[in-house]
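Below: the structure, in structure tokens.
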Amino acid sequence: MSLPTSQDLHGAWRLVRYVFRGSDGAEAPRYAGGAHGLLHYLPDGRMSAHLSAELRGDSLPRDERPDYLGYAGAWRIEGGRVRHDVEMCSRAEWIGRVLWRDADLAPDGLL
């Protein structure tokens with residue numbers, strides 16, 4: 001694996017796996033039933049991310065529908081990590097936050 005360049009990230013990425021990594025390196029899935037997601041990095045420094053628990057159908061009551069997180073803003077690579085500056089978000093408390101993401105580019109093109 002290698003650190004990606006800005007040009008490597010341009011485009012749309014489909015989520016394959018969504019986990020939280022603890023300080024001890026242990027990983028835990030964010031959604032037990034799986035997740036869907038799309039991440040877009042534009043060459044002009046704009047980005048958007050959309051993450052949801054596995055969809056189970058629209059007929060569910062609103063309080064039983066899967067979790068959803070969407071945010072957008074600016075992005076750049078800084079210090080070997082990807083920086084997301086959140087300008088709008090489905091969770092108001094994230095607006096104005098900086099989110100750091102670790103990224104590795106595998107030889108098969110997976111990020």
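As the structure is a prediction and not an experimental result, all values here were calculated from the model. Keep in mind that the numbers below use all heavy atoms, side chains included, and drop hydrogens, waters and symmetry copies.
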If you define the side chain from C-beta out and look only at heavy atoms, does anything of I77 sit under 4.5 Å from L9?
yes
What's the spacing between H40 NE2 and W13 CH2 if we round to 0.5 Å?
12.0 Å
Less than 4.5 Å apart, side chain to side chain, heavy atoms only: is that true for L38 and L15?
no
If I compare all heavy atoms of C89 with all of L69, which pair ends up nearest, and what's the gap?
SG-CD1, 3.8 Å
If you measure from OH on Y41 to NE2 on H10, what distance do you get to the nearest 0.5 Å?
10.5 Å
Output the distance between atom NE2 (H84) and atom OG (S48), rounded to the nearest 0.5 Å.
9.5 Å
Could you check if a side-chain atom of D85 sits within less than 4.5 angstrom of a side-chain atom of R76, using non-hydrogen atoms only?
yes
Check for a donor-acceptor pair, side chain of S52 on one end and backbone N or O of H36 on the other, with a separation under 3.5 Å.
no
How many angstroms lie between atom CG of L99 and atom CE of M47, to the nearest 0.5 angstrom?
8.0 Å
Straight-line distance of Y71 OH to I95 CD1, nearest 0.5 Å
13.5 Å
Note, R83 side chain near V98 side chain (heavy atom, < 4.5 Å):
yes
Evaluate the side-chain proximity of W75 to V82: yes if any heavy-atom separation is below 4.5 Å, no if none is.
yes
Heavy-atom nearest pair, L39 first then A49, reads CD1-CB, 3.8 Å
Any salt bridge between E87 and R46, counting N to O under 4.0 Å?
yes
